[in-house]
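Because only heavy atoms are used, hydrogens play no part in the values below, and waters and symmetry mates are left out as well, while side chains stay in. Chain naming here is simple, since letters A, B, ... match the order of the sequence lines and numbering starts at 1 in each.
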Amino acid sequence: MLELTFDNEFNLKKTFECGQNFRFNSTDNGKTYYGTLNDRVIKLEQINKKRLKINSNIQKNLEIRVKRFLRFDDDYALMLKEIQIDELMKKIVIFSQGLRLIKQDMFECSISYLLSQCSNIPRIKHHLNQLSTTYGKRVQYNNKIFFLFPSRDDLTKVTLETFINFKFGYRAKYIYNFIQNYPDFLELPLTNSEIYNQNLQCIEGIGQKVADCIQLFSCGDLNNFPVDVWINKFMIKYYNNGKKASAKKMNQVGQKLFRKWAGYAQEFIYYYARETKINL
DNA sequence: ACACAGGCCGAAT
DNA sequence: ATTCGGCCTGTG
């Protein structure tokens, strides 16, 4: 058992319902979340605004793993201050405050976002569950059954046809090729943000948006600003005078506005836009 | 039936 | 350098 007190607010529900991660679920309306973290199951409980309780079936290195996963060392207060660039962002910060970025496993994150294109959250979750329940290790914890996310080794023998049968659609070959030709650089430390992004985009099925998501959610490269259709509409309306523009353009605008905190700003905006159902 | 969903790719401007 | 249709499948 482990308890962590953060420097500032950490809201479990906002963090796991904002769409950055697909495999943590709550059974009690957001107070408790269960999910898997590489080799183990973890249980996260909200004690108060800044404090979480963490349990796991494996105690070894739990604190260091969880702190990394939850980005314990982020200067959250500074981030909140620096993304409030105008009245609108002040409003959004009030709404989304407590949402935290998390640092996800590279392989799992890449597969997740390769599957995400032109899909929706329930379907992405279903696809990830098919992979986990079929090829991941089964773990019982607190009288519940969990499946770890399969490693690359677990999936190298899986055929393309299997992924097609899982109804991955045209994404099946992206997944298959990604597993067969898993690039070495993904496991190396990120040195140059732009170069890393370009390398990601050389992988079949990874374009700008998916590359940005992987780099943000898995590498923890916080100056990335993924632009999906929602963010694109938001940016056009509020930061481009309503003039239509490409996702690429809005990505640049977002990075310029929010700099090293662009990733947090993006998730704050995304959460706000989706939850308040504002007209975009 | 038909459009669209948390994009990407390749071809044609 | 930017725009456009097609792509698997599920949902309304």
I'd like a list of close polar pairs between nucleotides 9-13 of chain B and the protein, N/O only, cut-off under 3.5 Å.
from, atom 1, to, atom 2, distance (Å)
dC9(B), OP1, G205(A), N, 2.8

Find the distance [X]:[atom1] to [N]:[atom2] and express it as a whole number of Å.
X: L114(A); N: dC8(B); atom1: CG; atom2: P; answer: 9 Å
X: Y113(A); N: dG6(B); atom1: OH; atom2: C1'; answer: 8 Å
X: D212(A); N: dG7(B); atom1: CG; atom2: C1'; answer: 12 Å
X: I231(A); N: dG6(B); atom1: CD1; atom2: P; answer: 13 Å
X: F178(A); N: dC8(B); atom1: CZ; atom2: C1'; answer: 15 Å

query = Distance under 6.0 Å and angle within 45° of the ring axis: does R100(A) meet both against Y76(A)?
reply = yes
Please enumerate all residues that pass ring-ring contact (aromatic ring centres under 6.0 Å, His included) together with [X], with sequence neighbours excluded.
X: Y272(A); answer: F95(A)
X: Y174(A); answer: none
X: F185(A); answer: Y196(A)
X: Y141(A); answer: none

request  = Give me the other members of the hydrophobic cluster that Y33(A) sits in, counting Ile, Leu, Val, Met, Phe, Trp and Tyr linked by side-chain heavy atoms under 4.5 Å, directly or via other members.
outcome  = L2(A), L4(A), F6(A), F10(A), L12(A), F16(A), F24(A), L37(A), I42(A), L44(A), L52(A), I54(A), L62(A), V66(A), F69(A), L70(A), F72(A), I102(A)
query = Which other residues end up in the same hydrophobic cluster as I195(A), if Ile, Leu, Val, Met, Phe, Trp and Tyr are linked when side-chain heavy atoms come under 4.5 Å apart?
reply = none
Which atom pairs, donor and acceptor, lie under 3.5 Å between side-chain atoms of residues 164-173 of chain A and protein residues at least two apart or in another chain?
from, atom 1, to, atom 2, distance (Å)
N165(A), ND2, E161(A), O, 3.3
R171(A), NE, Q117(A), O, 2.8
R171(A), NH1, F168(A), O, 2.9
R171(A), NH2, Q117(A), O, 3.1
R171(A), NH2, C118(A), O, 3.1

inquiry  = Suppose you measure atom P in dA11(B) against the same atom in dC8(C); what distance do you get, rounded to whole Å?
reply    = 15 Å
message = With rounding to the closest Å, how many angstrom separate the C1' atoms on dT2(C) and dG6(B)?
response = 22 Å
ask   = In residues 232-262 of chain A, which residues come under 4.0 Å of DNA chain B by heavy atom?
value = none
inquiry  = Does anything in residues 88-97 of chain A form a salt bridge (Lys or Arg N to Asp or Glu O under 4.0 Å)? List the pairs, not counting sequence neighbours.
reply    = E87(A)-K90(A)
message = For Y182(A) and F107(A), I'd like to know if the aromatic rings sit close, meaning centre-to-centre distance below 6.0 Å.
response = yes
message = Tell me if the centroids of the rings in Y113(A) and F22(A) come within less than 6.0 Å of each other.
response = yes
inquiry  = For S193(A) and Q215(A), which I'm curious about, is there any donor-acceptor pair between the side chains at under 3.5 Å?
reply    = yes
message = Under a plain distance cut-off of 3.5 Å, with no hydrogens placed, do D154(A) and S151(A) share a side-chain donor-acceptor pair?
response = yes
ask   = How would nucleotides 7-12 of chain C be written as a contact map, 5' to 3', with B for base contact, S for sugar-phosphate-only contact and - for no contact, using protein heavy atoms under 4.0 Å?
value = BBBS--
key: Runs of at least three Watson-Crick or G-U pairs with DNA chain B, cut-off 3.5 Å   = B:2-5 with C:9-12, B:7-13 with C:1-7
